[in-house]
Amino acid sequence: MAATRRYADVEPGTELPARTFPVSRETLVRYAGASGDFNPIHWNERFAREVGLPDVIAHGMFTMASAVRVVTDWVGDPGAVVEYGVRFTKPVVVPDDGEGAVIEVSAKVGAKLDDEARTVRVDLTATSAGQKVLGMSRAVVRLA
């Protein structure tokens with residue numbers, strides 16, 4: 001794969017298409033199986049509450065991976081992401097109510113970094129239930 005977005009075609013402030021990602025208890029169980037992270041705070045409501053959480057919470061890495069999909073979908077190549085980092089600010093609480101939770105992600109080009117390498121910084125905003133769940137969420141992306 002190769003990046004489909006051209007460096008010459010983007011400017012700081014360019015908005016990426018926003019996305020929403022539903023998260024159910026089933027999603028968490030599937031992610032636990034794929035990642036090997038079976039911490040009971042991600043599937044056992046009683047345990048989550050005993051350790052002071054409001055309910056079962058999504059895996060931080062799941063939340064982080066969901067958010068960066070906005071960038072990989074936009075650029076057309078997951079390999080074009082050369083750097084990505086976040087700060088976890090709030091957990092994504094996933095109630096067992098048949099609805100679950102939703103992670104809402106928006107992003108925009110924050111800066112053009114290197115003309116020769118054709119890299120840009122993309123700043124992401126991820127929220128769930130009206131709360132910001134990732135802080136300092138930024139990706140460096142190499143464009144075509």
Verify the cluster assignment for Val71 and Met61: are they in a single hydrophobic cluster under the rule of side-chain heavy atoms below 4.5 Å apart?
yes
Fill in: Full working for side chain to side chain contact (heavy atoms under 4.5 Å, CB included) between Arg142 and Tyr7
CA-CA 8 Å; Arg142 179 169 288 114; Tyr7 182 79; over 6 Å; no
*Would you say the side-chain atoms of Thr89 pair up with the backbone N or O of Val133, donor to acceptor, closer than 3.5 Å?*
yes
Original post:
Is the closest side-chain heavy-atom distance between Val23 and Leu28 below 4.5 Å?
Top reply: yes
In terms of heavy-atom contacts, Ala126 and Ala67 come closest through CB-CB, 4.5 Å
Check your understanding: Is a side-chain donor or acceptor of Ser137 paired with a backbone partner of Leu134 at a separation under 3.5 angstrom?
Key -> no
One should read off an interatomic distance between Asp114 CG and Arg121 CZ, to the nearest 0.5 angstrom, of 14.0 Å
Inset, instruction - Look at the side chain of Ser24 and the backbone N and O of Thr27, then say whether any donor-acceptor pair between them is shorter than 3.5 Å. - result: yes
Would you check if the side chain of Thr119 reaches a backbone N or O of Leu113 as a donor-acceptor pair within less than 3.5 Å?
no
Value for OG (Ser35) from NE2 (His59), rounded to nearest 0.5 Å, stands at 4.5 Å
Value for OG1 (Thr72) from OH (Tyr84), rounded to nearest 0.5 Å, stands at 9.5 Å
Is Val105 close to Leu124 at the side-chain level, that is, under 4.5 Å between some pair of heavy atoms? yes
To the nearest 0.5 Å, atom CG of Asp73 lies from atom OG1 of Thr4 at 10.0 Å
Inset, instruction - Using modelled atom types only, decide if a donor and an acceptor are shared between the side chain of Lys112 and the backbone of Val10 within a distance under 3.5 Å. - result: yes
State whether the side chain of Arg118 and the backbone N or O of Leu143 hold a donor-acceptor pair below 3.5 Å, judged by distance alone. yes
Do Ser128 side-chain atoms and Val102 backbone N/O form a donor-acceptor pair below 3.5 Å? yes
Nearest heavy-atom approach of Pro54 to Arg49 is O-NH1, 2.6 Å
Legend entry - Side-chain heavy atoms of Pro78 within contact of Met1, under 4.5 Å: yes
Where do Asp55 and Arg25 land on the salt bridge (Lys or Arg N to Asp or Glu O under 4.0 Å) test, with the steps shown first?
CA-CA 11 Å; Asp55 206 332; Arg25 294 283 178 94; 2.7 Å; yes
In terms of heavy-atom contacts, Val70 and Pro17 come closest through CG1-O, 3.5 Å
The single option from Val120, Val122, Val82 that satisfies side-chain contact (heavy atoms from CB on, under 4.5 Å) with Val140 is Val82
Ignoring hydrogens and geometry beyond distance, is a side-chain donor-acceptor pair present between Ser66 and Thr63 at under 3.5 Å? no
For Ile57, the other hydrophobic cluster members (4.5 Å side-chain criterion, sorted by chain and number) are Ile41, Phe47, Val51, Leu53, Val93
Does the side chain of Val109 reach to within under 4.5 Å of the side chain of Trp74, using non-hydrogen atoms?
yes
d(Arg69 CZ, Arg19 CZ) to nearest 0.5 Å is 4.5 Å
Looking only at heavy atoms, the pair that brings Ala144 and Ala3 closest together is CB-O, 3.5 Å
Taken in chain and number order and not counting sequence neighbours, the residues that satisfy salt bridge (Lys or Arg N to Asp or Glu O under 4.0 Å) with Glu83 are none
message: Side chains of Thr20 and Glu104 only: does a donor on one sit below 3.5 Å from an acceptor on the other?
response: no
Tightest non-hydrogen contact, residues Gln131 and Lys90, listed as OE1-CE, 3.4 Å
Rounded to the nearest 0.5 angstrom, the CZ-NE2 distance for Phe62 and His42 is 11.5 Å
ask   = Taking it one step at a time, do Asp96 and Trp43 satisfy side chain to side chain contact (heavy atoms under 4.5 Å, CB included)?
value = CA-CA 10 Å; Asp96 188 17; Trp43 56 269; over 6 Å; no
In terms of heavy-atom contacts, does CD of Glu99 have more than 12 from other residues, nucleotides or ligands at under 6.0 Å? no
